[in-house]
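Written out below as structure tokens is the structure these notes cover.
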Amino acid sequence: PFEGVAWTPRPPQGTPQGCFACIAKPPALRQASPILSPSSAVYLMESKSCKGGDSLRPAVPCKHFVEKKTMTNPTTVIEIYPDTTEVNDYYLWSIFNFVYLNFCCLGFIALAYSLKVRDKKLLNDLNGAVEDAKTARLFNITSSALATFCIILIFIFLRYPLTDY
């Protein structure tokens, strides 16, 4: 009467126990022993009315849960040193202001501070490099603005000479 009968696992009932790595893998099926007779196999097969856990396989706790319980939370400290290459030295802007827009020698002063920024970056003096970079930027802005304002005034006076007023 039991010829061709095969044990098929039924889907787990309730919430699965264990981690995703254990749940995703189907449980290993036990092969029926050839020593068993068909009449003794009735005792090993579970009945359809059984609502509980699987009687053929003992409940084995997830090995990943055991590992998680024994692991400690290690603390990693990462020291981040400021990168001195990110400090802008405004060197090209200073050279342009020194050559073309050197209003009251402000372009020369900006160039001097830009060179100081490069020297302090080589010495890994980040705070000094940042301060000198701010000063070089200030002198570059001032030199560019005043020289541009003077150039605009010159073009206005060339277009409309004072003799017309």
Side-chain angles (χ1 to χ4, degrees), residues 7-31 51-165:
W7 183 83
T8 58
R10 65 188 159 116
Q13 302 200 354
T15 58
Q17 297 296 321
C19 64
F20 181 75
C22 294
I23 295 170
K25 297 177 186 174
L29 300 177
R30 285 195 229 168
Q31 296 292 331
K51 303 276 186 194
D54 199 351
S55 61
L56 294 178
R57 291 179 299 233
V60 178
C62 173
K63 67 178 182 178
H64 299 100
F65 278 152
V66 175
E67 290 174 3
K68 287 180 184 175
K69 288 179 184 175
T70 58
M71 286 178 52
T72 60
N73 291 333
T75 304
T76 304
V77 177
I78 300 173
E79 294 182 15
I80 300 173
Y81 295 103
D83 191 13
T84 58
T85 59
E86 293 181 9
V87 179
N88 197 352
D89 56 5
Y90 305 106
Y91 185 68
L92 293 176
W93 191 12
S94 298
I95 288 178
F96 179 78
N97 281 339
F98 176 66
V99 173
Y100 295 109
L101 306 175
N102 196 9
F103 183 81
C104 294
C105 294
L106 291 177
F108 176 72
I109 296 171
L111 182 62
Y113 275 102
S114 295
L115 292 174
K116 284 177 67 175
V117 170
R118 287 196 168 193
D119 291 341
K120 289 185 179 180
K121 279 176 29 178
L122 288 175
L123 296 174
N124 288 329
D125 181 15
L126 183 65
N127 293 331
V130 168
E131 291 299 319
D132 286 342
K134 288 179 183 178
T135 307
R137 184 180 66 200
L138 177 71
F139 279 112
N140 278 322
I141 290 172
T142 306
S143 176
S144 298
L146 290 175
T148 305
F149 180 70
C150 287
I151 290 171
I152 291 172
L153 282 178
I154 290 172
F155 281 130
I156 289 174
F157 284 125
L158 287 176
R159 175 74 175 126
Y160 304 108
L162 288 177
T163 56
D164 292 344
Y165 296 112

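Numbering of residues begins at 1 and proceeds along the displayed sequence. Keep in mind the model is a prediction, meaning the values are calculated, not measured. FYI, side chains are in, hydrogens and waters are out, and symmetry mates aren't considered; it's all heavy atoms of this structure.
Under the ring-ring contact (aromatic ring centres under 6.0 Å, His included) criterion, Tyr100 pairs with Phe96, sequence neighbours left out. Partners of Asn102 by side-chain hydrogen bond (donor to acceptor under 3.5 Å, both in side chains), not counting sequence neighbours: none found. Every residue was checked against the ring-ring contact (aromatic ring centres under 6.0 Å, His included) condition with Phe103, not counting sequence neighbours, and none meets it.
Across all their heavy atoms, Leu158 and Pro161 have their closest contact at O-CD, 4.2 Å. Minimum heavy-atom separation, Ala133 to Asn88: CB-O, 3.2 Å. Minimum heavy-atom separation, Val87 to Lys121: O-NZ, 3.1 Å.
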Start with the C-alpha gap between Leu101 and Leu106, add the side-chain angles, then the distance that decides, and say whether side chain to side chain contact (heavy atoms under 4.5 Å, CB included) holds. CA-CA 9 Å; Leu101 306 175; Leu106 291 177; over 6 Å; no

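In this structure, Leu111 and Phe139 have side chains that are not in contact, with every pair of non-hydrogen atoms separated by 4.5 Å or more. Here the side chains of Arg137 and Trp93 are in contact, with some heavy-atom distance below 4.5 Å. Looking at heavy atoms from C-beta onward, Leu146 lies out of side-chain contact with Cys104 at the 4.5 angstrom threshold. You'll find the side chain of Val117 stays beyond 4.5 Å of the side chain of Tyr90, heavy atoms only.
Judged by distance alone, the side chains of Ser114 and Asp89 never bring a donor and an acceptor atom under 3.5 Å apart.
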